[in-house]
Amino acid sequence: MQQQVISAHDIFPHIRVVMGMVIGLGLTRLLLGLARIVQHPTQYRLYAVHLGWVASVLLALVHFWWWEFGLFQIHAWTFGTYAFIVSYAVVLFLLCALLFPDSLRDYESYEDYFYARRAWFFGLLGATFLLDVVDTLIKGEAHFAKFAFEYLIRTPILLALCIAGTVTANRYFHKFFVAAMLAYQMSWVLRLSYRLD
């Protein structure tokens with residue numbers, strides 16, 4: 001029996017579908033959470049920092065989906081690369097699940113919930129920054145070279161802020177962190193994401 005040769009360009013759409021399902025679940029989780037807030041605005045007291053992270057993770061999901069098109073340039077797929085990409089998407093989904101849990105019954109507000117789960121949230125968020133570096137490397141040396149200098153600066157800073165976020169419940173720190181993150185994400189999108197090369 002002759003084995004058919006499958007090109008990387010044939011494999012990528014299959015991988016993109018699996019990745020898209022996981023990212024779609026994350027988007028659904030965030031949008032349902034926001035819809036619940038609109039439907040029942042007084043059920044749980046809202047918290048600006050929590051909503052800021054919702055906006056940040058929503059932007060990260062959309063941004064992730066946009067940049068993953070760069071995986072089309074991979075010429076040789078392995079199961080390890082595939083598992084890595086799906087794992088990255090799963091970590092993003094888990095961030096969404098942490099922002100909008102199935103129930104807030106044990107908490108008085110989104111603020112109480114956020115601070116009770118901050119170690120998980122910032123642990124996963126920090127993991128996304130490391131995963132992003134590896135993801136960029138997977139897309140090739142030329143692709144990584146475009147971002148290497150900024151990654152060398154931003155990744156340690158963001159990891160340090162995530163570590164600080166896990167240990168401190170200081171409200172001013174958390175307001176600063178989410179505002180700075182949103183500003184940085186918007187800057188990144190405006191500077192680099194308007195077109196694919």
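Numbering of residues begins at 1 and proceeds along the displayed sequence.
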Measure the acute angle between the ring planes of Phe114 and Phe122, then classify it against the limits of 30° and 60° as parallel, tilted or perpendicular. perpendicular

In terms of the angle between their ring planes, are Tyr151 and Phe147 parallel, tilted or perpendicular, with boundaries placed at 30° and 60°? parallel

Applying the 4.5 Å side-chain criterion to the ILVMFWY set and letting contacts propagate, would [X] and [Y] be lumped into a single cluster?
X: Val178; Y: Val167; result: no
X: Val17; Y: Phe93; result: no
X: Leu95; Y: Met21; result: yes
X: Ile138; Y: Leu152; result: no
X: Leu94; Y: Leu32; result: no

Steps toward side-chain contact (heavy atoms from CB on, under 4.5 Å) verdict (Glu108, Tyr44): CA-CA 7 Å; Glu108 291 182 21; Tyr44 293 103; over 6 Å; no

Can you give me the closest heavy-atom contact between [X] and [Y], atom names plus distance?
X: Cys162; Y: Gly126; result: SG-N, 3.6 Å
X: Leu104; Y: Pro101; result: CD2-CG, 3.7 Å
X: Gly26; Y: Cys96; result: O-SG, 3.5 Å
X: Ser56; Y: Met181; result: OG-CG, 3.8 Å
X: Ala164; Y: Phe173; result: CB-CZ, 3.6 Å
X: Thr168; Y: His174; result: O-NE2, 2.7 Å

Under a 3.5 Å distance rule, please check whether [X] uses its side chain to pair with a backbone N or O of [Y] as donor and acceptor.
X: Arg29; Y: Leu99; answer: no
X: Thr28; Y: Gly24; answer: yes
X: Gln43; Y: Ile37; answer: no
X: Thr81; Y: Trp77; answer: no
X: Ser87; Y: Ala83; answer: yes
X: Thr166; Y: Ile163; answer: yes

Do Tyr115 and Tyr47 have a side chain donor and acceptor closer than 3.5 Å? yes

Assess the side chains of Tyr88 and Thr128: does a donor N or O sit below 3.5 Å from an acceptor N or O? no

Kindly say whether the aromatic ring centers of Tyr113 and Tyr107 come within a distance under 6.0 Å. yes

is_close_aromatic(Trp53, Phe121), centroid dist under 6.0 Å: yes

Distance (rounded to the nearest 0.5 Å) between [X] [atom1] and [Y] [atom2]:
X: Leu59; Y: Leu30; atom1: CG; atom2: CG; value: 11.5 Å
X: Leu61; Y: Ile23; atom1: CG; atom2: CD1; value: 5.0 Å
X: Leu161; Y: Leu125; atom1: CG; atom2: CG; value: 10.0 Å

Looking at side-chain heavy atoms only, is the closest gap between [X] and [Y] below 4.5 Å?
X: Arg154; Y: Val133; result: no
X: Arg171; Y: Val49; result: no
X: Val57; Y: Leu92; result: no

In this structure, are over 12 heavy atoms from other groups packed under 6.0 Å from Gln39 atom CD? yes

More than 12 foreign heavy atoms under 6.0 Å from CZ of Phe176: is that the case here? no

So Leu51 and Tyr110, side-chain contact (heavy atoms from CB on, under 4.5 Å) or not? Walk me through it. CA-CA 9 Å; Leu51 290 175; Tyr110 283 101; over 6 Å; no

Pair Arg117 + Asp112, salt bridge at N-O below 4.0 Å: no

Let me see the working for Phe100 and His50 under side-chain contact (heavy atoms from CB on, under 4.5 Å), right down to the final yes or no. CA-CA 10 Å; Phe100 286 113; His50 171 262; 3.7 Å; yes

Please evaluate residues Val189 and His63 with respect to the criterion side-chain contact (heavy atoms from CB on, under 4.5 Å), reporting the C-alpha separation (whole Å), side-chain torsions for both, the decisive distance (0.1 Å), and the verdict. CA-CA 8 Å; Val189 168; His63 194 238; 3.8 Å; yes

